[in-house]
Amino acid sequence: MIALISAGLIGGLLMAVAGSAFVALAVSGSEWDGIIAGAMTTLVLWITGMLLGFTAPGAWAAWRRVGIPALLFAIGAALLFP
Amino acid sequence: MKQRTHKILYDVHSWLGVGIGLILYVICFTGTLTVFRDEIRVWSNPMLWAIKSNGDAVPSLDRAVGVFDRHYDLSSAAQWAIRLPGRVNPAYELLIPAKERPGLVRAYAHPSRDLFMGESNNQIADFIFSLHANLSLRSRWGRYLVGFTGVALLLLIVTGVFIHRHIFRDLFTMRWTHSTRLVTADAHKATATWALLFHLMMAFSGAFLGLKNLLIFPPALAEHGGDLSAAQKQLSPSRVKPSGEAAPMAGADALLNRARAEVPGFIPTLAVFQNWGDANARLTISGSLPGRLLPKNEAVRVTFDAVGGERLETENGLLHSGWRRIYDAMMPLHYGDYGGIGLQVFYFLFGIATTTLTWTGIVIWIERRKGLTAARVRIRERRDV
């Protein structure tokens with residue numbers, strides 16, 4: 001249970017932060033556009049991460065569910081990093 | 001949906017709801033009242049009730065500055081502001097940092113006479129607002145706590161939608177003659193479903209406004225290639241420092257009129273004075289564009305050099321790009337101050353719906369616990385017999 005909760009809360013937050021950095025860099029326009037798009041994405045991704053983590057069939061599955069998208073977002077952000 | 005997933009979401013919904021229910025209730029209730037905070041402020045300060053505009057005299061910002069200058073040491077404060085008379089507030093309202101305590105002093109000047117009306121002696125509107133925005137905790141953690149409660153409300157709404165199996169049928173179901181638990185559960189589902197979009201908008205905008213300082217930092221850091229100081233500089237631009245040389249100030253009324261002419265339809269609501277009396281003084285006139293989804297006091301901002309009267313910067317919210325417009329919309333969407341009294345009443349009624357939702361949620365949990373305890377007692381009695 002604790003593993004699911006921590007995967008949802010902490011793993012979901014990590015996924016959200018990685019996602020926000022990726023979105024900030026991917027959104028074209030002014031600097032503010034990227035920053036605001038990234039900030040708003042954080043909330044949506046965190047909620048999604050919590051739902052994915054909490055409802056996973058086990059601890060590993062929970063961390064996989066949030067870990068893989070987090071990794072993909074981080075790789076995407078690294079590729080776009082100025 | 002699998003039964004296990006449904007159960008987990010149900011458990012998350014009920015335990016999270018119980019855990020933050022009371023805080024959520026306080027935030028929702030005070031938020032509902034906050035819709036009328038300007039009206040409450042006027043109502044709670046009787047000195048403002050009897051103001052009648054003198055037809056011969058024109059409201060004057062210069063006169064108001066003069067009135068306040070006789071009672072406060074304006075040049076010693078780095079920044080202070082005057083709210084201009086408007087639809088609700090009939091007087092000029094000074095907002096200046098208090099010397100003996102944290103927070104602001106609010107004082108009033110008559111709109112059309114050279115008359116100091118006194119300091120606000122009732123802070124109920126500010127108290128309600130601070131309870132809503134930061135649970136009356138002075139540090140930034142109060143605001144973050146409210147922001148995290150917004151995230152929890154968002155999660156409660158999403159899990160509620162998933163576990164709610166008969167969303168359309170429950171819209172019209174109210175079993176008034178049944179037990180308290182069933183009546184409360186029906187009310188909970190009905191208020192949740194009828195005002196779902198409003199609850200979602202409130203939760204998202206509330207979470208965003210509460211946590212925005214935290215949320216914008218990682219993307220800002222990414223945008224600036226990891227340069228921490230550049231990110232900080234963009235997020236909180238530095239203020240102009242005083243030069244230490246005294247200088248005569250340009251007329252505030254003339255600058256106010258020039259600001260009005262800058263953007264068609266601009267209604268100034270606030271004048272912010274920085275380094276008043278100094279050679280580096282600035283006057284920023286900000287206000288609203290009625291009917292636009294932009295912050296009430298920040299839709300347009302015109303900054304002047306308050307000594308020479310030069311216009312330094314005009315920020316027009318209508319010219320902001322797409323994402324910035326969404327960001328600008330968060331505050332008015334949350335507080336419902338982008339329309340008239342009709343919109344305020346709408347927000348107030350829907351705010352009551354959100355408050356009812358939290359209250360009925362707590363009652364359902366209590367009733368369910370009572371039912372479970374009674375059932376356990378019955379089983380034990382039967383076993384004993």
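Chain naming here is simple, since letters A, B, ... match the order of the sequence lines and numbering starts at 1 in each.
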Interchain contact, Leu215(B) with chain A, by part (heavy-atom threshold 4.5 Å): both
Pairwise distance CG(Asp33(A)) to NE2(His320(B)) - rounded to 0.5 angstrom: 10.5 Å
Pair Met50(A)-Val151(B), side chain to side chain contact (heavy atoms under 4.5 Å, CB included): steps then yes or no: CA-CA 11 Å; Met50(A) 280 194 259; Val151(B) 175; 3.8 Å; yes
Non-hydrogen atoms of Phe208(B) and Ala39(A) that approach each other most closely: CE1-CB, 3.8 Å
Other residues, nucleotides, ligands: >12 heavy atoms within 6.0 Å of Arg292(B) CZ: no
Atom pair CG (Leu43(A)) and CG (Leu155(B)), whose distance is rounded to the nearest 0.5 Å: 12.0 Å
Choice from Val23(A), Ile47(A), Leu80(A) maximising heavy atom contacts with chain B below 4.5 Å: Ile47(A)
Arg140(B) atom CZ, neighbour heavy-atom count above 12 within 6.0 Å: no
Nearest-0.5 Å distance that lies between atom CZ in Phe162(B) and atom OG1 in Thr55(A): 9.0 Å
Over 12 foreign heavy atoms within 6.0 Å of CZ, Phe266(B): yes
Interface moiety of Arg4(B) toward chain A, non-hydrogen atoms closer than 4.5 Å: side chain
Verdict with reasoning, Leu51(A) to Leu9(B), per side chain to side chain contact (heavy atoms under 4.5 Å, CB included): CA-CA 8 Å; Leu51(A) 290 176; Leu9(B) 292 178; 3.8 Å; yes
Closest approach of Phe204(B) to Val44(A) (non-hydrogen atoms, all atoms of both residues): CE1-CG2, 4.0 Å
Interatomic distance, Ile36(A) atom CD1 to Glu223(B) atom CD [nearest 0.5 angstrom]: 10.5 Å
Closest non-hydrogen atom pair between Pro218(B) and Val17(A), with its separation: CB-CG1, 4.0 Å
Part of Phe54(A) lying under 4.5 Å from any heavy atom of chain B: both
Contact class of Ala16(A) relative to chain B, heavy atoms under 4.5 angstrom: neither
Segment of Leu4(A) engaging chain B (4.5 angstrom heavy-atom cut-off): side chain
Close side-chain approach of Trp46(A) and Leu154(B), heavy atoms under 4.5 Å: no
Partner chain B: residue of Pro57(A), Ala56(A), Ala37(A), Ser30(A) with the largest heavy-atom pair count (under 4.5 Å): Ala37(A)
Atom group of Leu214(B) that falls short of 4.5 Å from chain A, counting heavy atoms: neither
Enclosure of Ile2(A) CD1 (heavy-atom neighbours >12, cutoff 6.0 Å): no
Derivation and outcome, side chain to side chain contact (heavy atoms under 4.5 Å, CB included), residues Ile35(A) and Trp323(B): CA-CA 9 Å; Ile35(A) 291 170; Trp323(B) 283 98; over 6 Å; no
Trp359(B) atom CH2, neighbour heavy-atom count above 12 within 6.0 Å: no
Heavy-atom contact with chain B under 4.5 Å, split by part of Ala77(A): neither
Which atoms of Val12(B) approach chain A - backbone, side chain, both or neither, heavy atom under 4.5 Å: side chain
Over 12 non-hydrogen atoms of neighbours within 6.0 angstrom of CE in Met331(B): no
